[in-house]
Amino acid sequence: MSPTRTARCRLPAAHPLFVAVLAVLPLSAAAQDAAPASKEAVALDTLQVTAQRRVENAKDVPVSITAIQGEKLDVIGSAGDDIRFLSARVPSLNIESSYGRAFPRFYIRGLGNTDFDLNASQPVSLVYDDVVQESPLLKGFPLFDLAGVEVLRGPQGTLFGRNTPAGVVKFDSARPSQDADGYLKVGYGSYNTWNTQGAYGGPLTDRWSARVSALYQRRDDYVDNTLANAPNDGFEGYDEAAARVQFLYEGDAFEGLFNLHKRKLNGTARLFRANILQPGSNKLVDGFDRDDVSVDGVNFSELETWGGSARLKWDLGKVTLYSISGYETAKSQNRGDIDGGYGAAFLPSSGPGLIPFASESMDGLPDHRQITQEFRVESNEWGRFDWQAGVFYFDEDVTIDSFNYDSLTPGNPQTGHAVQSQRNKAWAVFASGDFDVTDKFKLRGGVRYTQDKKDFTASVLQAVPFGTPVSGPYIASTDVDDVSWDLSGVYQVTDNVNVYARVAKGFRAPSIQGRLAFGGVSQADSEKVISYEAGIKADLFDRRARLGFNVFRYNVDGQQLIAVGGSNNTATLLNADKTIGQGAELDFEAYLSDNLLLTLGSSYNDTEIKDRDLAVAICGGGCTITDPTTIIDGTTYALVNGNSLPQAPKWIHNLTLRASFPLSDASELYVYTDWAYRSPVNFFLYESPEFRSRSSLEGGLRVGYNWSYGQYDVAVFGRNLTNQTRVVGAIDFNNLTGFLNEPRTFGVEFTAKF
């Protein structure tokens with residue numbers, strides 16, 4: 001019998017984001033009344049993007065794109081948060097982590113990967129300064145001194161290639177130039193939080209220029225451990241530093257941009273909290289206090305990454321040749337008290353509640369390196385037809401240590417050790433072109449051939465008491481090839497309005513995982529996506545407003561999923577027969593008056609797993625399964641056919657509003673508010689009220705004064721203004737354990753540009 005379809009969430013009649021909009025709209029009248037008469041109405045700058053590997057007007061690119069630049073990027077990152085501050089700030093983008101700041105997981109249009117293994121692959125590719133960051137530990141490099149952020153939705157397999165069936169998140173650093181400039185930013189806020197960064201660049205000779213950028217962030221532990229004599233007395237603090245140095249050579253027909261960067265993070269790992277959910281509900285238990293926990297495990301997170309790149313460009317007349325060489329390496333240790341409490345089979349009168357069995361573990365990355373090389377040739381204004389083509393090489397070598405500890409014995413001794421290693425080599429050839437069929441209609445298309453090979457080994461060196469005995473090596477390998485492609489058309493309806501349609505195929509190579517201590521080696525086959533999209537992009541009202549809107553539908557064959565947790569704490573890779581997704585996305589930006597700027601983003605995503613035979617292990621402690629179940633070898637499994645994908649919000653809305661109150665030609669007061677809404681998500685493949693998050697609405701406010709034509713700025717800010725507390729992820733094998741969003745913070749910030 002096929003499982004019944006579960007109820008879907010609906011948009012509330014009085015949506016909280018719209019309530020927030022109404023609350024701040026009075027700023028419009030105030031700002032307009034305060035504005036002096038303007039000789040010329042303001043207009044939006046042309047939005048330039050590099051979604052097709054060349055600089056273009058976003059309106060002419062047949063891809064759903066959101067770009068974040070300048071002040072907006074600074075404001076939403078003002079509290080010193082990590083890359084997750086972008087979550088829900090872009091249509092269809094969700095970001096979460098069970099490692100804290102060290103290991104972000106990205107989801108676009110519902111497609112992502114909840115896998116917590118350090119060997120996990122993701123269908124959202126992160127590209128930093130033209131170099132793909134494949135390891136999840138590389139994806140969290142801090143955002144500072146950036147020219148901008150671009151989020152490309154839908155398969156990007158032709159030009160970016162590496163694991164992009166869901167899309168690409170792209171960061172571009174501010175480049176050196178012959179014009180000397182820089183900035184210094186110092187922020188201080190709640191919990192003794194410091195957020196400092198700066199950069200300076202300029203000419204070295206008439207051919208060479210350089211730019212140095214640095215960031216330092218820290219926060220005190222703000223969660224107290226109430227358990228006496230515990231290894232840690234506080235949590236959620238961190239110290240993080242990052243730096244980047246770039247050298248640019250500009251010759252007559254040659255350009256070379258060289259980049260070195262490094263990151264170092266010390267802090268506490270993700271803080272798991274036992275029994276914080278009410279059985280049968282996703283509400284927090286009565287009396288919950290986010291400032292206190294009682295845990296007996298050791299908790300820390302250490303991560304160090306560094307890398308470099310050389311981006312070379314030769315102008316050969318009719319064509320331009322590019323070479324992009326990249327090297328990245330990472331080392332990490334992340335240890336946490338997974339059971340979220342203390343004791344075992346024990347219900348204290350005060351504390352974290354029932355802990356069926358103790359669990360404390362650590363994953364480490366002692367050895368890692370990634371090498372990438374791309375050569376690309378691009379035509380230079382060949383008339384009605386332009387093209388680019390290239391080759392790409394990827395080589396990654398990774399070793400992962402997994403440890404288990406006994407928190408019930410003084411000193412928390414090690415009681416298990418497994419190791420896995422993987423060598424991944426891939427190469428690709430690609431070509432893309434666009435043809436002006438008429439003055440108003442342009443066709444674009446591309447194709448990419450990829451071959452991907454993985455060689456994997458794993459062994460248990462010390463047996464976990466309740467897991468796999470000493471054994472191995474376990475050996476697995478994959479060797480596949482695939483062809484990705486895209487075809488699109490852009491039609492210019494008027495000088496200011498374009499419509500487009502696009503169909504694209506994406507591909508993600510097979511994955512191998514070795515959670516040997518808890519279940520052995522598992523493998524998932526290739527994942528393939530076909531995506532259909534159509535939309536409109538327009539500049540409106542003499543470029544005082546900009547609109548992007550699109551609808552889409554995609555089909556995934558063999559989607560790679562991870563079944564995590566359950567009573568045996570397993571993590572098993574699997575493929576769903578088919579997944580479908582459909583929805584719509586909106587980007588809107590407008591000057592409501594010369595001194596009032598609005599941005600609005602919105603997305604609707606409906607995802608559904610379609611596989612009548614797909615069964616996953618259910619939770620090991622206290623949750624309520626609403627899916628149909630079946631018994632396999634004496635164990636209860638949930639049938640997940642018809643469920644939405646995990647961490648896939650149906651609705652995302654975001655809004656910013658900036659009101660300016662000019663005091664002179666060179667100074668102003670301003671108010672900047674931003675809000676982001678995310679509808680509920682499932683944490684796991686099965687459905688359970690306890691493991692389905694509540695909706696989230698978080699807002700920020702910044703009130704500032706800048707002078708000397710914006711050269712200096714001082715502001716006070718608040719993040720998560722309503723102090724909303726939400727469970728954003730869970731552990732399901734032990735008890736109702738979850739982890740939380742960032743708390744409310746306030747602070748002050750000073751910026752000087754020079």
Side-chain angles (χ1 to χ4, degrees), residues 99 103 113-122 134-138 163 303 328-336 338 359-371 394-406 413-427 451-481 508-527 558 560-566 568-575 617 633 733:
Y99 278 75
F103 186 139
N113 185 1
T114 59
D115 193 353
F116 53 84
D117 192 81
L118 296 181
N119 199 34
S121 71
Q122 298 181 2
E134 178 67 12
S135 169
L137 292 177
L138 297 175
N163 288 343
L303 173 64
E328 303 288 341
T329 185
K331 288 187 177 182
S332 78
Q333 287 187 325
N334 193 287
R335 180 169 170 177
I338 310 303
S359 178
E360 181 183 341
S361 64
M362 180 176 77
D363 281 343
L365 196 70
D367 295 297
H368 168 271
R369 64 114 181 95
Q370 171 192 293
I371 298 171
F394 173 87
D395 186 348
E396 181 188 50
D397 200 351
V398 58
T399 300
I400 300 170
D401 282 324
S402 298
F403 299 94
N404 189 75
Y405 299 91
D406 180 9
Q414 178 181 310
T415 58
H417 180 200
V419 61
Q420 56 179 309
S421 62
Q422 179 176 281
R423 184 75 178 271
N424 183 191
K425 291 184 178 182
W427 63 270
Q451 183 161 21
D452 187 285
K453 182 178 182 180
K454 293 184 174 73
D455 292 306
F456 176 92
T457 62
S459 299
V460 178
L461 305 182
Q462 180 185 6
V464 176
F466 48 87
T468 307
V470 173
S471 57
Y474 298 87
I475 299 174
S477 63
T478 65
D479 190 352
V480 300
D481 58 6
R508 180 156 59 121
S511 296
I512 309 172
Q513 188 191 86
R515 305 295 295 183
L516 288 184
F518 311 104
V521 175
S522 61
Q523 185 171 322
D525 295 331
S526 298
E527 169 183 288
Q560 296 180 26
L561 299 170
I562 184 77
V564 300
N568 294 324
N569 186 25
T570 58
T572 304
L573 289 167
L574 47 85
N575 292 94
D633 296 330
F733 69 86

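Nothing here was measured: the structure is a model prediction, and the numbers come from that model.
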Exercise. Are the side chain of His368 and the backbone of Ala330 linked by a donor-acceptor contact shorter than 3.5 Å?
Worked result: yes

Problem set entry | Exercise: do Gln420 and Asp117 side chains pair donor with acceptor under 3.5 Å | yes

Exercise. If you round to the nearest 0.5 Å, how far is CD of Gln414 from CG of Asp406?
Worked result: 11.5 Å

Exercise. Taking atom types as modelled, is there a side-chain donor on Ser511 or Ser121 under 3.5 Å from an acceptor on the other?
Worked result: yes

For this session: Calculate, to the nearest 0.5 Å, the distance between atoms CG and CZ belonging to Asp452 and Phe394 respectively.
Result: 8.0 Å

For this session: Go through the steps for Ile562 and Thr572 under the test side chain to side chain contact (heavy atoms under 4.5 Å, CB included), then give the verdict.
Result: CA-CA 6 Å; Ile562 184 77; Thr572 304; 5.5 Å; no

Problem set entry | Side chains of Glu134 and Asn163, donor plus acceptor under 3.5 Å | yes

Exercise. Heavy atoms, side chains only, cut-off 4.5 Å: are Gln462 and Asn404 in contact?
Worked result: no

Exercise. Can you tell me if Arg335 uses its side chain to pair, donor with acceptor, with the backbone of Glu360 under 3.5 Å?
Worked result: no

Seminar exercise, completed: When every non-hydrogen atom of Phe116 is compared with those of Tyr99, the smallest separation belongs to O-OH, 2.9 Å

Problem set entry | Residue pair Gln370 / Ser135: nearest heavy atoms and the distance that separates them | OE1-N, 4.3 Å

Problem set entry | Test applied, side-chain contact (heavy atoms from CB on, under 4.5 Å); reference residue, Gln560; option that passes from Asn113, Asp115, Leu574, Asn575 | Asn575

Exercise. Any side-chain heavy atom of Lys453 sitting closer than 4.5 Å to one from Arg423?
Worked result: no

Exercise. Taking atom CG of Asp363 and atom CG of Leu118, what is their separation to the nearest 0.5 Å?
Worked result: 5.0 Å

Problem set entry | N/O donor-acceptor pair under 3.5 Å between Ser459 side chain and Leu461 backbone | no

For this session: Begin from the C-alpha positions of Asp455 and Lys425 and carry the test salt bridge (charged side-chain N to carboxylate O under 4.0 Å, His left out) through to its verdict.
Result: CA-CA 9 Å; Asp455 292 306; Lys425 291 184 178 182; over 6 Å; no

Exercise. Between atom CD of Gln513 and atom CZ of Phe456, what is the distance when rounded to the nearest 0.5 Å?
Worked result: 8.0 Å

Exercise. Counting distance only, does the side-chain N/O of Ser332 pair as donor-acceptor with the main-chain N or O of Leu303 below 3.5 Å?
Worked result: no

Exercise. Taking C-beta and beyond as the side chain, do Pro510 and Val480 meet within less than 4.5 Å on heavy atoms?
Worked result: yes

Exercise. To the nearest 0.5 Å, how far apart are OG1 in Thr329 and CG in Asp367?
Worked result: 8.0 Å

Exercise. Within a strict 4.5 Å, meaning less than it, do heavy atoms of the Thr457 and Tyr474 side chains meet?
Worked result: no

For this session: List the atom of Ala476, the atom of Gln523, and the distance in Å for their closest heavy-atom pair.
Result: CB-OE1, 4.0 Å

For this session: Look up atom CD1 in Ile512 and atom NZ in Lys454, then write down how far apart they are to the nearest 0.5 Å.
Result: 7.0 Å

